[in-house]
A.B. asks: 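Would you mind keeping the following structure in view while I ask a few things?
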Amino acid sequence: AEAIALANDSEYGLSAYIHTADPARATRLANLLDAGMVEVNGCARAGGAPFGGRKQSGIGNEGGLWGIRSFQLTKSVSSPLSEGVL
């Protein structure tokens, strides 16, 4: 818990690195780290995978599905019409 708190106590959050032989620990720590990218045991992200940060490292992503979605707006439309189409 202290290591996660120290790692997250930054105004930046571009990437984080985990070194462990325990896959469950890697998954748990990756989910707790406030970083846009996490590399486990030096494994770089795959080509085309999203690239982006958190906090002062930037908001949003480039590449992959999330990079495309950053250019989209989501809208929810509720309608009493039977077809549900406006």
Side-chain angles (χ1 to χ4, degrees):
E2 183 181 357
I4 295 297
L6 286 170
N8 288 339
D9 185 25
S10 171
E11 61 186 275
Y12 302 101
L14 183 60
S15 60
Y17 302 88
I18 299 170
H19 295 276
T20 181
D22 184 345
R25 177 179 285 169
T27 300
R28 183 174 51 83
L29 295 176
N31 287 327
L32 293 171
L33 289 166
D34 194 13
M37 299 173 290
V38 178
E39 291 185 7
V40 178
N41 296 337
C43 183
R45 62 189 183 88
F51 174 91
R54 302 258 175 94
K55 303 185 255 186
Q56 293 298 315
S57 290
I59 298 174
N61 287 289
E62 299 174 10
L65 179 60
W66 294 109
I68 293 170
R69 288 195 171 153
S70 67
F71 291 98
Q72 298 174 325
L73 297 174
T74 302
K75 182 182 291 190
S76 175
V77 178
S78 299
S79 172
L81 300 176
S82 60
E83 293 85 25
V85 179
L86 298 177

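Along the sequence shown, residues carry numbers from 1.
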A.B. asks: Could you note down all residue pairs passing salt bridge (charged side-chain N to carboxylate O under 4.0 Å, His left out) where residues 1-15 supplies at least one of them, sequence neighbours left out?
C.D. replies: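 As it turns out, there is no salt bridge (charged side-chain N to carboxylate O under 4.0 Å, His left out) pair with a partner in residues 1-15 once direct neighbours are skipped.
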A.B. asks: If you look only at pairs with a residue in residues 12-29, which of them pass as a salt bridge (charged side-chain N to carboxylate O under 4.0 Å, His left out), with sequence neighbours excluded?
C.D. replies: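 Qualifying pairs: none.
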A.B. asks: Please list all pairs meeting salt bridge (charged side-chain N to carboxylate O under 4.0 Å, His left out) that have one or both residues in residues 41-52, counting only residues at least two apart or in different chains.
C.D. replies: none
A.B. asks: Suppose we screen for side chain to side chain donor-acceptor pair (under 3.5 Å). Which residues come up paired with Y12, at least two apart in sequence or across chains?
C.D. replies: none
A.B. asks: Cut-off 3.5 Å, no hydrogens considered: what does the side-chain donor-acceptor table look like for residues 31-43, sequence neighbours left out?
C.D. replies:
unit_1, atom_1, unit_2, atom_2, d
N31, ND2, T27, O, 3.2
D34, OD1, R54, NH1, 3.1
N41, OD1, T20, N, 2.9
N41, ND2, T20, O, 2.7

